[in-house]
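Here the structure is a predicted model, which is why all the values come from computation and not from measurement. All chains are named by letter (A, B, ...) in the order of the sequence lines, taking the proteins before the strands, and each is independently numbered beginning at 1.
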Amino acid sequence: MTSEPKDFIREIIREDLRTGKHTTIVTRFPPEPNGYLHIGHAKSIVLNFGIAQEFGGRCHLRFDDTNPSREEEEYVQSIIEDIHWLGFDWGEHLYFASDYFEQLYEWAEYLITAGEAYVDDLSAEEIRAYRGTLTEPGKPSPYRDRSVEENLDLFRRMRAGEFPDGSRVLRAKIDMAASNLNLRDPVLYRIVHATHHRTGDRWCIYPMYDFAHGQSDAIEGITHSLCTLEFENHRPLYDWLIEHLPVPARPRQIEFARLNLTYTVLSKRKLLRLVTEGHVTGWDDPRMPTLSGMRRRGIPPEAIRTFCDRIGMAKRDSTVDVAQLEFCIRDELNRTARRVMGVLNPLRVVIENYPEGQTEQLEAPYYPDDPPKMGMRTVPFSRVLYIEREDFREDPPKKFFRLAPGREVRLRWAYFLRCERVIKDPDTGEITELRCTYDPATRGGDAPDGRKVRGTIHWVSAAHALPAEVRLYDRLFNRPNPDDAPEGKDFLANLNPGSLTIVEARVEASLATAAPGDRYQFERRGYFTVDPDTRPGHLVFNRTVPLRDTWAKIEKQMKQRP
RNA sequence: UGGGGCGUCGGCAAGCGGUAAGCCACCGGUCUUUGGAACCGGCAUUCGCAGGUUCGAAUCCUGCCGCCCCAGCCA
């Protein structure tokens with residue numbers, strides 16, 4: 001099971017197991033509770049929890065809550081919910097970096113005592129100026145050589161709350177001339193008089209990410225600390241701290257490329273703007289790449305997991321085609337969603353030779369490719385139906401197999417239907433109704449005389465169908481790279497104005513009991529899920545993803561080169 | 001112009017000195033009571049470029065070129 005590494009990280013782990021460096025693998029997913037999880041996080045979650053499962057180890061959920069000014073309990077809850085929804089569990093291993101504040105503080109004093117950290121009185125601006133640039137070395141702070149006693153005293157008074165925010169910091173004493181800026185005496189602690197969502201007002205100094213992350217990993221016995229590429233420059237500091245502190249373990253940081261998706265933005269800042277500026281209805285808007293948005297969109301968590309597995313894991317910056325994600329969604333839904341009929345854009349059809357007032361209950365399988373799998377439902381049939389407006393053409397182009405004057409098609413699970421006449425609005429010329437006839441001998445969809453029809457269309461009985469609000473979602477942006485905007489404009493200029501279209505549809509009666517979260521395929525249209533906005537008597541569906549539409553492709557090609 | 005990474009098909013991505021996996025997309029075809037699904041077939045003589053080592057190089061060496069990250073008291 002672990003003999004075939006899928007990527008360079010698993011290769012490293014397998015080697016560590018083989019050489020006996022580790023006997024148990026421990027990973028962690030370390031979100032900062034300051035925002036909602038998105039598909040990019042899913043890549044990391046699937047990686048970390050997936051590795052733990054594959055190698056019989058464990059994966060911790062640890063909140064990196066070292067900055068009280070931007071973190072909130074609300075996010076902790078949504079993150080927990082999203083990871084569970086994705087299908088992963090950490091058992092007892094729920095941790096918070098804030099649980100380690102006392103230990104972290106002790107280690108800070110340890111560093112001071114060892115002469116490897118000092119309290120700096122320089123302002124933030126001064127520290128920046130002293131740091132130097134990418135090409136020029138920095139210069140030491142005038143406070144760099146304070147005595148251990150003075151540093152200890154100052155640091156304890158920082159903790160005691162004697163100094164205002166920004167007045168002093170604790171810095172590691174490493175090398176102001178290091179070519180890696182992270183090693184130019186990085187800040188370890190800063191003063192922040194803010195209420196922390198877990199520790200309240202117990203602290204007014206907080207460790208920086210660099211001082212908290214690696215040490216938290218060590219405390220938890222993390223063997224492989226997996227993070228994204230931008231932390232590669234921090235690894236020397238990560239290792240420096242682990243080496244200079246009496247930590248109980250020596251975790252190894254390994255970096256991988258973060259996920260980018262076409263037609264999608266994933267930065268926290270941009271996602272926040274979409275929400276706050278009202279371009280979407282909220283973090284769980286079905287057009288958002290957040291896990292809560294995708295959940296509401298009807299995307300199964302299994303699809304996200306297989307997507308993450310298939311895109312692989314490497315160190316090169318890359319952008320995955322969103323079509324790859326859509327494929328995984330369809331692939332999953334194709335195997336799990338019940339088939340029903342829903343007419344999105346209704347066109348009235350009157351069957352002239354069908355008895356007025358009569359209704360038949362037709363049997364239809366929920367899963368035609370394997371009927372026993374999901375059973376049957378009953379679909380009422382009567383004299384007046386609705387069919388999809390685009391399934392009729394008065395002047396059908398070549399290769400159009402659907403309904404047209406004088407033509408015959410099959411009504412799914414019902415009868416053959418022939419169009420006899422077209423009724424139009426005398427003023428607008430718009431087609432308002434079709435007068436048709438049906439062949440009673442074709443009940444169920446097959447003709448005893450063996451004649452064939454090229455097309456099968458879906459339908460709904462007008463008297464029995466349920467009205468439903470259907471929200472048709474499309475990509476939020478109309479460019480593969482939303483940031484590719486005209487001079488002076490930003491990604492918002494690429495918002496797709498057609499990302500949401502709402503239609504009043506008619507769906508088959510069996511959907512009366514559909515509950516929020518249920519997923520269906522509306523045959524020939526796409527996959528839909530029941531939105532939580534649904535109320536008794538008011539069904540609301542979200543289109544998760546349309547079906548592949550070969551006809552649309554053919555028609556487009558014919559228009560381009562007839 | 002310092003340091004750290006990375007460059008294999010339109011997009012992901014295997015490959016670890018022995019003669020370019022797979023997936024998506026795309027293009028054909030079969031089948032079909034979803035123009036869905038399924039099934040069959042096509043799709044890199046070539047691995048950023050240029051040299052070199054070798055019987056043999058995407059894999060080793062050298063030099064270029066390109067892209068990403070780093071100058072928060074964010075993570």
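Nucleotides B/rU1 and B/rC43, compared at atom P, are 43 Å apart to the nearest Å. Between B/rG41 and B/rG56, the two C1' atoms lie 33 Å apart (nearest whole Å). Comparing the C1' positions of B/rA14 and B/rG22 gives an interatomic distance of 7 Å, to the nearest angstrom. Of the C1' atoms belonging to B/rG3 and B/rA21, the separation is 36 Å, rounded to the nearest Å. Taking the C1' atoms as reference points, B/rU53 lies 11 Å from B/rG17, given to the whole Å. Between B/rU8 and B/rU45, the two C1' atoms lie 14 Å apart (nearest whole Å). Going from the P atom of B/rA13 to that of B/rG66 covers 23 Å, rounded to whole Å. For the C1' atoms, the distance linking B/rA57 with B/rG18 amounts to 10 Å, nearest Å.
Checking A/Phe401 against A/Leu325, the closest nucleotide of RNA chain B that is more toward the 5' end is the one next to A/Leu325. In this structure, A/Ala323 and A/Ile554 both approach RNA chain B, and ranking their closest nucleotides by distance from the 5' end singles out A/Ala323.
Remark: A/Ala42 pairs with A/Leu86, A/Leu291, A/Ile304, A/Cys308 by the side-chain contact (heavy atoms from CB on, under 4.5 Å) rule, at least two apart or across chains. Applying the side-chain contact (heavy atoms from CB on, under 4.5 Å) criterion to A/Ala414, with sequence neighbours excluded, gives A/Leu362, A/Phe381, A/Leu411, A/Trp459. Under the side-chain hydrogen bond (donor to acceptor under 3.5 Å, both in side chains) criterion, A/Gln324 pairs with no residue at all, not counting sequence neighbours. Taking the side-chain contact (heavy atoms from CB on, under 4.5 Å) definition, one finds that A/Thr336 meets it with A/Glu332, A/Leu333, sequence neighbours left out. In terms of the side-chain contact (heavy atoms from CB on, under 4.5 Å) criterion, residue partners of A/Leu104 (sequence neighbours excluded) are, by chain and number, A/Tyr100, A/Phe101, A/Trp107, A/Tyr189, A/Pro207, A/Phe211, A/Ala212, A/Gln215.
Of the residues in residues 36-44 of chain A, not one comes within less than 4.0 Å of RNA chain B through any heavy atom. A heavy atom lying under 4.0 Å from RNA chain B marks the following residues of residues 520-527 of chain A, by number: A/Gln521, A/Glu523, A/Arg524.
We find that CG of A/Leu237 is positioned 15 Å from C1' of B/rG3, with the value rounded to whole Å. For the pair A/Phe8 CZ and B/rG5 P, the computed distance is 13 Å after rounding to whole Å. Residue A/Arg330 contributes atom CZ, which lies 18 Å from atom P of B/rC23 at whole-angstrom precision. Put simply, CZ on A/Arg10 is 11 Å from P on B/rA14, counting in whole angstrom units. Atoms CZ (A/Arg316) and P (B/rG15) sit 11 Å apart, rounded to a whole Å. Here the C1' atom of nucleotide B/rA14 and the CD atom of A/Glu11 are 11 Å apart, to the nearest Å. When rounded to the nearest whole Å, the span between CD of A/Gln557 and C1' of B/rG28 equals 12 Å. With rounding to whole Å, A/Asp549 atom CG is found 15 Å from B/rA37 atom C1'.
Legend: salt bridge (Lys or Arg N to Asp or Glu O under 4.0 Å) pairs involving residues 174-191 of chain A, not counting sequence neighbours, sorted by first then second residue: A/Arg144-A/Asp185. Sorted by first and then second residue, the pairs that involve residues 226-239 of chain A and meet side-chain hydrogen bond (donor to acceptor under 3.5 Å, both in side chains), not counting sequence neighbours, are A/Asp210-A/His234, A/Asp217-A/Tyr238, A/Thr228-A/Glu230, A/Glu230-A/Arg258, A/Glu232-A/Lys315, A/Arg235-A/Glu255.
The aromatic ring centres of A/Tyr118 and A/Phe155 sit 6.0 Å or more apart. Outside the 6.0 Å centre-distance limit, the rings of A/Phe307 and A/Phe327 are not counted as a close aromatic pair.
With a cut-off of 3.5 Å on both Watson-Crick or G-U wobble distances, the partner of B/rA20 is given as none. The nucleotide B/rG56 finds no pairing partner, because no Watson-Crick or G-U wobble arrangement with both distances shorter than 3.5 Å includes it. Base pairing of B/rC49: its partner is B/rG63, meeting the Watson-Crick or G-U wobble criterion (both donor-acceptor distances under 3.5 Å). Summarising the base pairing, B/rG41 is matched to B/rC27 through a Watson-Crick or G-U wobble pair whose two defining distances lie under 3.5 Å.
In this structure a side-chain-to-backbone donor-acceptor pair under 3.5 Å is present from A/Asp165 to A/His193. Between the A/Thr529 side chain and the A/Gly298 main chain, no donor and acceptor come within less than 3.5 Å of each other.
OP1 and OP2 of B/rG7 both lie 4.0 Å or more from every side-chain N or O belonging to A/Lys315. When the side-chain nitrogen and oxygen atoms of A/Thr456 are compared with OP1 and OP2 of B/rG35, none of them lie within a distance under 4.0 Å.
Proximity of A/Thr544 to A/Phe528: side-chain heavy atoms (C-beta onward) are nowhere separated by under 4.5 Å.
At the heavy-atom level, A/Tyr415 lies nowhere under 4.0 Å from the strands shown. A/Phe327 comes within 4.0 angstrom of the backbone, heavy atoms only, and of no base. Note on A/Lys399: a base of the nucleic acid sits closer than 4.0 angstrom, heavy atoms only. Among the atoms of the strands shown, base atoms are found under 4.0 Å from some heavy atom of A/Arg412.
Of the candidates A/Arg451, A/Arg410, A/Arg418, A/Arg451 is the only one forming a side-chain hydrogen bond (donor to acceptor under 3.5 Å, both in side chains) with A/Asp439.
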Taking only N/O atoms, report every protein-nucleotides 64-68 of chain B pair under 3.5 Å with atom names and distance.
unit_1, atom_1, unit_2, atom_2, d
B/rC68, O2', A/Asp317, OD2, 3.3

Without placing hydrogens or testing angles, list every side-chain donor-acceptor pair under 3.5 Å for residues 365-374 of chain A, not counting sequence neighbours.
unit_1, atom_1, unit_2, atom_2, d
A/Tyr367, OH, A/Asn334, O, 3.2
A/Lys373, NZ, A/Arg335, O, 2.8

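No cation-pi contact links A/Arg62 to A/Phe29, judged by a cut-off of 6.0 Å to the six-membered ring centre and 45° from its axis.
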**Request:** Produce a footprint string for nucleotides 69-75 of chain B: one letter per nucleotide, 5' end first; B if the base is under 4.0 Å from any protein heavy atom, S if only the sugar-phosphate is, - if neither.
**Result:** BBBSBBB
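Interatomic distance, A/Phe256 CZ to A/Leu47 CG, rounded to the nearest 0.5 Å: 5.0 Å.
Side chain A/Arg402 to base B/rG35: a donor-acceptor pair is found below 3.5 Å.
For A/Leu547, the side-chain atoms get nearest to B/rU34 when compared with the rest of B/rC27, B/rG35, B/rU34.
Base orientation for B/rG11: anti, the chi torsion being more than 90° from 0.
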**Prompt:** Does the pair A/Tyr527 and A/Tyr520 meet the rule for a ring pair (Phe, Tyr, Trp, His ring centres under 6.0 Å), with working shown?
**Reply:** CA-CA 6 Å; A/Tyr527 294 99; A/Tyr520 294 93; over 10 Å; no
